[in-house]
There are 4 protein chains.
Amino acid sequence: MSEHKIKVTVWNEFRHEKENDKVKAIYPEGMHVAIGEMLKNEGDFEVTYATLDDPEHGLTQEVLDNTDVLFWWGHGHHGDVKDEIVDRVQKRILAGMGLIVLHSGHKSKIFMRMLGTTANLKWREKGEKERIWVIEHSHPIAKGLPDHFELPHTEMYGERFDIPKPDDVVFITWYEGGEVFRSGVTFTRGNGKIFYFAPGHESFPIYYDPNIQKVLVNAAKWAAATINRDSGCPMVDPLEEIKSSK
Amino acid sequence: MSEHKIKVTVWNEFRHEKENDKVKAIYPEGMHVAIGEMLKNEGDFEVTYATLDDPEHGLTQEVLDNTDVLFWWGHGHHGDVKDEIVDRVQKRILAGMGLIVLHSGHKSKIFMRMLGTTANLKWREKGEKERIWVIEHSHPIAKGLPDHFELPHTEMYGERFDIPKPDDVVFITWYEGGEVFRSGVTFTRGNGKIFYFAPGHESFPIYYDPNIQKVLVNAAKWAAATINRDSGCPMVDPLEEIKSSK
Amino acid sequence: MSEHKIKVTVWNEFRHEKENDKVKAIYPEGMHVAIGEMLKNEGDFEVTYATLDDPEHGLTQEVLDNTDVLFWWGHGHHGDVKDEIVDRVQKRILAGMGLIVLHSGHKSKIFMRMLGTTANLKWREKGEKERIWVIEHSHPIAKGLPDHFELPHTEMYGERFDIPKPDDVVFITWYEGGEVFRSGVTFTRGNGKIFYFAPGHESFPIYYDPNIQKVLVNAAKWAAATINRDSGCPMVDPLEEIKSSK
Amino acid sequence: MSEHKIKVTVWNEFRHEKENDKVKAIYPEGMHVAIGEMLKNEGDFEVTYATLDDPEHGLTQEVLDNTDVLFWWGHGHHGDVKDEIVDRVQKRILAGMGLIVLHSGHKSKIFMRMLGTTANLKWREKGEKERIWVIEHSHPIAKGLPDHFELPHTEMYGERFDIPKPDDVVFITWYEGGEVFRSGVTFTRGNGKIFYFAPGHESFPIYYDPNIQKVLVNAAKWAAATINRDSGCPMVDPLEEIKSSK
């Protein structure tokens, strides 16, 4: 494989797809594989998979050291993710790895850890229509997208979304049932870029939608690590002569 | 006491002052008392003290529920602060309580928890001069301050400071030894306001400096809680008729 | 009058109300008077009126020097506002005066001048319902407001709204016809605070709505000047000895 | 030439170099040519030159339509730039062209137009040392730079710098004479990216410094237009059925 490919690891809780027939019908190999195969087909990515039930949740130090961008999909078992793995992922993000948090991953330990807030929101599962408006057309994550696009059936995620002020609000969603949501938002933490993207409820085939796929590809390119830097908290010598004395 | 007073709790690790004669000479009753008495004299504040060695570190739920603004000074024993107390403080900040983190509190569990980053920086203890430039003159925290002011002897804290993008950079410091530092920065997390202020090394009488005192007073007024809101993550009914069907 | 009152000047183009019977029926004395009388009744404000057809558009240097917050409503005659008056208003904002731009004022010379962008948006006049979601509940402009509130008939203003990244997105609107809009946004320019608030189409009685009135009162308090500072671009002497030589 | 090259236009007032022997000795063909030739040698850029005394200041619509990034150096003759050319450049930036404003260009009409503020600062010309600290190591503009770097002789530009809150503060400068400055800051306006970089006084050979050159190359790549979009202010039809009636 080309050394220039972006190394993506797609992490998935991967339990819905094993336990729920409806979800299994949509994503027979799991959402991570649906996302990962799409990225591979796009050509610019090398893809690794990791799931909750793998040893160390599939996120060994070696895997993380070889990851430019980590996708994260979790939902019902956030509490099963071990704190020491969350520590390790956080450290790698701060050094430069990108993180793309999908849908119900808003309540994952790693997302709340990076933000310092609850990431709470309103929600409703009625299969209603969602219309996603592009707010920043020149943002790399919006590249090639139309003015707005729709998902016919989606889970509603509504404001107030308890997140810190984003660097950029790339998308805002309109819901048929009357809510709005900052559905695509970016953050920088340490040297790492973070993108949260709301669509992706497991019981709809959302990750097969061409616009959604374009967002995921764009986001992976945008978030890819360009640096690996852990500067510590060093004691340093003065650069100039100090005339003051205690 | 007037019901309009701002309820401040000043938290201090309070070990240096008991263990180090030089620090004890400067702050015989502890830095928390020096800060708290100054705030009381200013007239708009009710002050409570809390220290590391108090039961529950002095931060019971009742104390926090009666705190509009929490000051935090810690240094050598960040690790001794119990995680369940950090959880409790975080929850109260997200509901609306203000947090003012002082000097070496940059490495406190609560500050790193709120930010999601390491808050690492460069440092040096040579007693050099620090000149603090006001960057946002109209910010409430800068009210009444001159264009710049100085501390004759200080510990150096230099960039890069590993923090998320602040809401406002109120102060930037010039150090005699050649570094710069974003020495006064604000954040919003949930409904709570956070201010980090770099000056305050324990072996210099910095909290007796009139400009520093003005900053602390301004910051306490600015950060005071105006709301107590914990909205949870509720399932909600649609506000509009939904025509889509799964 | 109390010296502590906030000095508000409400500027209105004031032509619709003279030329259009429907608008006149809603605002017989003009929108500026409807807004100003409401502010007066609230008790914390001194109110001055200024309109396009007044000499110097009512915005003499003396009026501006005695204004803490300027409200601006314009629509069809933005081009008739003289550039020298825009210069004067801009200078006063940068020194500290607050500016509250209402509805179609998004295309006013002063708003585009302060932002550097076109402030373009999508629009439609069908009298549809607007639902305004509070995004930052602890922001002073949202004080006392419910989770969301509605206007039964409004002009639609939709994204993409061509504004620089706001300091805060206080409100996001959901429209019945399918759009979203960042309907309440703040900016700081120089020492002045700016708030743009989208509701306020002239042919609906929007400024009589209690929630809208609460927003206007909150915004006027939030934006009120606390400083009057014009620092120029001064040549200054060094504060430290310079050892370099050319 | 390759269609993939970034099209840069370097604009220079180009009068100092003709009128002042010291400046002429450093930049015999003008600063624009020193910058432009360096960019050409780097390999990824096509370069066009434009100066104040060219017809239309060298910035015809055709030139701008073929420019991905515009560099701007001006100093003593900002007032000679025609307003209609400033209008044209602003429009092109909002559509997507990048703008890199150098040194004394902070008082150019185009920079103040884009920001809405005075861009005032403190200044002093004593040939003192400047130390530039990298604040955001993972920002594309900081790529490949050390932790900090120095210029031995420079004009001092000090805070407070009257600019709106930047998107990113990439660099902060320490000056020998005692000031600090946000010397590398980014903004987004419309679809265009803007970078202001303080170093570049005409009487020192600053644009030959390898670190400064690296910043200029990085900035040109970062700011290059990826979109050309002028959306206007269109009236649009509803996307959903509207049940409200006036």
Please report the C-alpha distance between B:K221 and B:I6 in whole Å, then the side-chain angles of each, then the deciding distance to 0.1 Å, and finally whether the side chain to side chain contact (heavy atoms under 4.5 Å, CB included) criterion is met.
-> CA-CA 7 Å; B:K221 290 180 180 175; B:I6 294 168; 4.1 Å; yes
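- Considering B:F171, B:F111, B:Y157 as possible partners of B:Y196, the one that fulfils the ring-ring contact (aromatic ring centres under 6.0 Å, His included) test is B:F111.
- In this structure a side-chain-to-backbone donor-acceptor pair under 3.5 Å is present from C:K109 to C:V81.
- With a 4.5 Å cut-off on non-hydrogen atoms, B:H139 does not touch chain C at all.
- Separation of the C:F181 and C:Y175 ring centroids does not fall under the 6.0 Å cut-off.
- Looking only at distances, a side-chain donor or acceptor of B:D209 sits under 3.5 Å from a matching main-chain atom of B:N211.
- Between chain B and the residues C:D167, C:I227, C:L239, C:T188, the most heavy-atom pairs under 4.5 angstrom are made by C:L239.
- Along residues 129-137 of chain B, the residues that come nearer than 4.5 angstrom to chain C, judged on non-hydrogen atoms, are B:K129, B:R131, B:W133, B:H137 in order of number.
- Side-chain N or O atoms of B:H153 include none that pairs as donor or acceptor with a backbone N or O of B:E128 at under 3.5 Å.
- Between B:F204 and B:H201, the angle of the ring planes lies from 30° to 60°, which puts this pair in the tilted group.
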